[in-house]
Amino acid sequence: MKIALVKGDGIGPDIVNEAVKVLDATAAKYNFEVTYEEAIAGGCAIDKFGEPLPQKSLDICKASDSVILGAVGGPKWDNVESNLRPEKALLGLRSGMNLFCNLRPAIMYPQLKGACPLKDEIVANGLDIMVVRELTGGIYFGKRGRDDNSAYDTLEYSIPEIERIVKKSFEIAMVRDKKLTSVDKANILNSSQLWRSVVERMAKDYPEVTVNHLYVDNAAMQLVRDPNQFDTIVTTNMFGDILSDEASQITGSIGMLPSASLGKGTLGMYEPIHGSAPDIAGMDLANPIATVLSVAMMLRYSFKMEKEAKAIENAVGKVLDDGFRTGDIFEEGMKKVGTKEMGDLIAAAI
Ligand code: IPM
Ligand code: MG
C-alpha cells in the first residue's frame, strides 16, 4: 500500500512517526508492504511555499492509496489572512479528495474510566458513540463574503449531498446497534428541513434501524445528560464539528480518539481528532495513540483488513492494561512514558 503522510505542524510529526512505526510492525507481522511519501501541508507549507496546500501535496495524496494526517495549525499562523490559514489545508484535502463522510468514534476506554468527567452512574455501561459528520458541504463551503460593515456565510445542502452521507450513516448503524439519530435545526433552518425529509424517506430502506431526530441544542444537552441513548449520530458539517468535540470530551480520552474521512472509493484520510498542541511539539510528550488508532481505522475502512486493524487496537489495549500512560492520561500508580516509548510498546505488542 502506498501511503501519503501529511505530518503537518506542532506535534503532527511526533505522532505520525509513531503511527508509521506501528504500521510497519503490523506489515511485518501480517506480510504486507507499505511505502510512504510525505506531503507538506498546513502552517509548515505556508512557511515553505507561501500557501497551506500546494497542488503537489494534494496530488501526492490523491495518487496514494490512503492518507495519514497528524495535525495542522498553531498560534504562529493565527494572524495570516483567512484563505491562507493552515486550516485551509485540511478543507482543501477533504474537498480535493471528495471525502464527504467523516467518522468520529467516541469510545470510553475501560482503562481510562477515571478520566471521564461525567458521574459514574451515567457511564456505568461505558460509552461507544459513532458521530458521522458530513464533511465537504454546508456552511464550511458555502458562498461567503465580507465588506466594511458586514460578513456572511451560506449554509446550503443539495439532496444528493444529503443522501450520500445519510446512506453511509445507515450502513454504519446497521453494523452497530441499529439506532440512528439525525441531528439538525429543522425548527429554524430550511436546509435542516430538507435534511430531515431525506432521512425520513431513506429510513424506509432500512426498516431494522430505529431512527430519531433531535434539534442540535437538545442533542448537545442529551450528550452530557444521557450519552448512552446514542449509537450512531448523523449530522451536518458544522453541527458535527461541534458535537464530535463534545462527544470526545465526555470519553475523557481526547488524546485517544481517531477519525476517518471517506469518499466514494477506498481512498481515505485518517487523523487523530485532537489538534497540533504546539506547546509540546518535539518534546516527546504527545500521546500517539489517537494516530495509531487512526491507522487501525485505515486498515479497516480503506483496505478491509479487519484482522490487522483489530491487532492494532488490541495492542493499544494491552499497553494500557500493562499500565503505560503518556502524560495526558497519566494517573497515580501508572508508568509514565513518552511519545516514542509508547510507539515502541505498541509496535512490540503487535
Ligand atoms: C476538525 C477541526 C477543523 C474543522 C478545523 C481545524 C478546520 O476543528 O477537524 O474538527 O472545523 O473541521
Ligand atoms: Mg473540530
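Every number for a ligand or one of its atoms is a count from 1 in the order of the listing. FYI, the numbering just counts along the sequence from 1. Side chains are part of it too, since the values below use all heavy atoms of this structure and drop only hydrogens, waters and symmetry mates.
Of the possible polar contacts, none joining the Glu37 side chain to the Ala4 backbone as a donor-acceptor pair under 3.5 Å is found. At least one donor-acceptor pair closer than 3.5 Å links the side chain of Ser64 to the backbone N or O of Ser66.
For Asp241, the N, O or S atom closest to the Mg ion (ligand 2) goes by the atom name OD1.
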Measure from every N or O atom of ligand 1 to the protein's N or O atoms and keep only the pairs below 3.5 Å, writing each with atom names and distance to 0.1 Å.
| from | atom 1 | to | atom 2 | distance (Å) |
| --- | --- | --- | --- | --- |
| ligand 1 | 8 (O) | Asp241 | OD1 | 3.2 |
| ligand 1 | 9 (O) | Arg94 | NH2 | 2.7 |
| ligand 1 | 9 (O) | Arg104 | NH2 | 2.8 |
| ligand 1 | 10 (O) | Arg104 | NH1 | 3.0 |
| ligand 1 | 10 (O) | Arg104 | NH2 | 3.1 |
| ligand 1 | 10 (O) | Arg133 | NH1 | 3.3 |
| ligand 1 | 10 (O) | Asp241 | OD1 | 2.9 |
| ligand 1 | 11 (O) | Tyr140 | OH | 2.5 |
| ligand 1 | 11 (O) | Asp241 | OD1 | 3.4 |
| ligand 1 | 12 (O) | Arg94 | NH1 | 2.8 |
| ligand 1 | 12 (O) | Arg133 | NH1 | 3.3 |
| ligand 1 | 12 (O) | Arg133 | NH2 | 2.8 |

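Annotation: cation-pi geometry satisfied between Arg133 and Tyr140 (NZ/CZ under 6.0 angstrom from ring centroid, within 45° of ring axis).
Between Asp47 and Trp77, the side chains place a donor N or O and an acceptor N or O closer than 3.5 Å (distance only, hydrogens not considered).
Cluster partners of Met334 are Phe330, counting Ile, Leu, Val, Met, Phe, Trp and Tyr whose side-chain heavy atoms approach within less than 4.5 Å, directly or via other members.
Taking the charged nitrogens against the carboxylate oxygens, Lys167 and Glu171 do have a contact shorter than 4.0 Å, which makes a salt bridge.
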